[in-house]
Amino acid sequence: MKVTLKVWRQKNRSTPGAFKTHETPELNVNMSFLEMLDVVNEQLANRGEEPIAFDHDCREGICGTCSLVIDGKPHGPHKGITTCQTYMRTFNDGDEIVIEPFRAKAFPLIKDLVVDRKAFDRIQHAGGYITVRTGAAPDANSVPVPKQTADFAMDAAQCIGCGACVAACKNASAMLFVAAKISHLGLMPQGQPERYRRAKGMVDQMDKEGFGACTVTGSCEAVCPKEISLDFIARMNRDYGVALLKGDAKAVKSGGAG
Amino acid sequence: MNIVDRIWKSSLGKKYLMGLTGAALVVFLIGHLAGNLQVFGPPELINGYAYFLKSKPGLLWGARLGLLACVGLHIVSAITLAQLNSAARPQAYATNGAHGASTASKYMLPMGSIIAAFIVYHLAHFTAALPAVNGVGDFTKLTTTLHGETVPDVYAMMVLGLQVPWVCLIYLVAQGLLFMHLGHGLSSMFQSLGFRDHVWWPRIRLFAQVTSIALLVGYSVIPIAIYLRVVGNDYVEKKKYALKAATKKPAPAFVTVPGKEAK
């Protein structure tokens with residue numbers, strides 16, 4: 001099979017970009033989408049042209065590095081699957097496929113289809129952690145966790161931080177990512193000490209990064225390769241509301257023992 | 001940083017404001033509908049209700065100012081959030097984005113803007129009773145006697161006002177838009193305020209659908225029934241001629257229909 005690619009090409013952030021059409025050579029239908037791009041890039045390199053820059057790492061659908069908005073949908077046409085797990089047999093011979101980078105102010109473009117998603121790391125630094133003692137691994141099951149709680153936390157922890165939620169949202173909102181990170185720690189007993197500080201810190205950092213707000217359109221949930229539920233956004237709203245009412249903790253004058 | 005500041009400066013805080021003011025406005029819509037549906041009763045019923053409201057100026061103006069504050073906050077939050085949202089994606093996609101988003105959720109602000117314009121019209125039409133916008137005449141000249149007192153004839157005003165085809169159409173279009181606005185907004189307010197999980201979400205959706213359909217049917221049946229001359233046509237027939245005569249001559253000369261409004 002052969003397809004025509006309409007790809008966003010942009011040298012760097014300060015140079016304006018444009019769509020460029022690339023014809024693929026003959027493809028194996030069982031190639032992944034990224035392997036198809038590899039083949040196209042090999043052809044471009046052989047011709048002495050600049051290959052298409054795109055993000056990829058594990059190619060197993062678990063690292064969250066691959067991105068791409070394929071025909072208007074982040075991670076391509078399937079539900080619950082990343083770009084690297086999308087295969088060319090999904091498309092028809094002779095199709096024109098439009099490939100764009102994730103577009104958001106908080107994800108500045110680096111080159112072609114590669115965007116800078118460090119904003120997610122900064123949000124994580126603002127509260128995506130728990131306090132544990134160092135030393136030997138704690139005894140298993142020393143802290144009892146109900147099965148249902150563990151399951152919910154695991155549903156949230158599935159988030160691979162790819163940023164598809166931001167790419168799909170009409171507001172370029174990062175709520176689903178932030179909600180998943182706040183919830184997977186906030187649901188567990190180990191995450192309780194920082195629960196409200198975490199919600200406040202991560203949401204405030206999200207706002208600082210320039211992501212939009214939530215209009216509950218459900219686009220994020222629809223494109224999430226890990227099918228994270230909007231329920232977690234409601235949970236984040238709850239925790240953040242409590243954090244807002246509590247306000248910032250003040251040091252007690254005679255304190256220090258705690 | 002005080003709490004007002006914390007709420008206002010945060011994207012989630014503004015969503016709480018949207019949800020809370022939206023909830024207050026829906027509660028008002030339900031109460032307002034209950035009041036308006038009295039038009040299906042005898043004229044004395046709604047005239048008596050209107051007189052009761054007017055006789056408690058503190059309560060009336062308190063509610064009016066409260067509602068105005070809610071509408072204002074709802075609009076200002078919506079506009080500032082929309083600015084934040086459009087700034088978050090400086091470069092649009094070439095392809096259709098917003099995969100999986102419902103139509104209503106994509107057009108909440110345009111729908112809300114038209115509904116806000118309708119509220120202005122509705123207040124000018126019936127509350128301020130400006131003759132220029134109703135296509136009939138001066139509603140303030142419509143009076144009737146109730147328990148021996150001369151009171152504004154709200155029943156005649158509603159019937160005469162909504163018998164005008166284009167006015168009726170404006171009301172129906174506004175109700176259609178309100179239905180779509182609430183179809184998304186009513187369930188989303190629970191999401192914004194954090195009242196949602198996998199158990200409650202289907203129930204919230206059902207509640208939102210039932211409420212928005214009930215409001216659509218309730219609010220639409222009034223202009224439709226009046227336009228089809230099912231409600232109050234006989235009652236206003238004579239008042240209509242009196243109103244036309246009254247608008248030409250400075251002295252009001254209303255003909256009251258004997259035996260219908262006075263007890």
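Every value quoted in this text rests on a predicted model; they were computed, and no experiment measured them. FYI, side chains are in, hydrogens and waters are out, and symmetry mates aren't considered; it's all heavy atoms of this structure. Every chain is numbered from 1, with letters handed out A, B, ... down the list of sequences.
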Over 12 non-hydrogen atoms of neighbours within 6.0 angstrom of CG in A/Asn12 = yes
Gap separating the CD atom of B/Gln191 from the OG1 atom of A/Thr215, nearest 0.5 angstrom = 11.0 Å
Tell me, for A/Leu245 versus chain B, whether the close heavy atoms (under 4.5 Å) come from the side chain, the backbone, both or neither.
-> both
Check each atom of B/Tyr16 against the heavy atoms of chain A and say whether the ones under 4.5 Å are side chain, backbone, both or neither.
-> side chain
Look at atom OH of B/Tyr107 and say whether more than 12 heavy atoms of other residues, nucleotides or ligands are closer to it than 6.0 Å.
-> no
More than 12 foreign heavy atoms under 6.0 Å from OH of B/Tyr227: is that the case here?
-> no
Partner chain A: residue of B/Ser102, B/Ala88, B/Gly13 with the largest heavy-atom pair count (under 4.5 Å) | B/Ala88
A/Arg235 and B/Asp197: side-chain contact (heavy atoms from CB on, under 4.5 Å), yes or no, with the steps?
-> CA-CA 8 Å; A/Arg235 197 173 189 286; B/Asp197 60 20; over 6 Å; no
For chain A, find which of B/Ala82, B/Ser86, B/Ala94 contributes the most heavy-atom pairs closer than 4.5 angstrom.
-> B/Ala94
Chain B contact via A/Ala104 - which portion, at a heavy-atom distance below 4.5 Å = both
Counting only heavy atoms not in B/Trp166, do more than 12 fall under 6.0 Å of its CH2?
-> yes
Applying side-chain contact (heavy atoms from CB on, under 4.5 Å), run through A/Glu100 and B/Gln91 and close with a yes or a no.
-> CA-CA 11 Å; A/Glu100 292 173 89; B/Gln91 181 155 14; over 6 Å; no
Non-hydrogen atoms of chain A under 4.5 Å away: do they reach the side chain of B/Lys14, the backbone, both or neither?
-> neither
Where do A/Ala213 and B/Ser11 come nearest, in terms of heavy atoms and distance?
-> CB-CB, 4.1 Å
How long is the gap from NZ on A/Lys200 to CG on B/Leu12, to the nearest 0.5 Å?
-> 10.5 Å
Atom CZ of B/Phe195: over 12 foreign heavy atoms under 6.0 Å | no
Residue A/Arg13 excluded, over 12 heavy atoms near CZ under 6.0 Å | yes
Determine the minimum heavy-atom distance between A/Arg103 and B/Ala92, stating which atoms define it.
-> NE-O, 3.7 Å
Atom SG in A/Cys214, atom NZ in B/Lys15: separation rounded to 0.5 Å?
-> 6.0 Å
Examine whether an atom of A/Asp239 lies under 4.5 Å from a heavy atom of chain B, and if so say whether it belongs to the side chain, the backbone or both; otherwise answer neither.
-> neither
Apply side-chain contact (heavy atoms from CB on, under 4.5 Å) to A/Asp207 and B/Lys9, showing your working.
-> CA-CA 9 Å; A/Asp207 284 349; B/Lys9 288 214 172 128; over 6 Å; no
First locate atom NZ of A/Lys79, then atom NE2 of B/His99, and finally report the distance between them rounded to the nearest 0.5 Å.
-> 7.5 Å
Which bit of A/Pro74 comes within less than 4.5 Å of chain B, counting heavy atoms only: side chain, backbone, both or neither?
-> neither
Portion of A/Tyr240 that has a non-hydrogen atom of chain B nearer than 4.5 angstrom = both
Are there more than 12 heavy atoms of other residues, nucleotides or ligands under 6.0 Å from atom CH2 of B/Trp8?
-> yes
For A/Phe152, is it the side chain, the backbone, both or neither that has a heavy atom under 4.5 Å from a heavy atom of chain B?
-> side chain
Can you say whether A/Phe107 sits under 4.5 Å from chain B via the side chain, the backbone, both, or neither, judging by heavy atoms?
-> neither
Of the listed residues (A/Cys169, A/Cys220, A/Gly212, A/Ala167), which shares the most heavy-atom pairs with chain B below a 4.5 Å separation?
-> A/Ala167
Do you know which of A/Ser219, A/Ala222, A/Gly218, A/Gly241 has the most heavy-atom pairs with chain B at a distance under 4.5 angstrom?
-> A/Ser219
Shortest non-hydrogen pair, A/Gly72 vs B/Thr95, comes out as CA-OG1, 3.2 Å
Most chain B-contacting option - heavy-atom pairs closer than 4.5 Å, from A/Glu221, A/Lys6, A/Lys170, A/Glu209 = A/Lys170
Taking C-beta and beyond as the side chain, do B/Arg196 and A/Leu230 meet within less than 4.5 Å on heavy atoms?
-> yes
Pick whichever of B/Gly100, B/Ala87, B/Ala101 has the most heavy-atom pairs under 4.5 Å with chain A.
-> B/Ala101
Minimum heavy-atom separation for B/Gly194 to A/Arg238, with atom names?
-> O-NH1, 2.7 Å
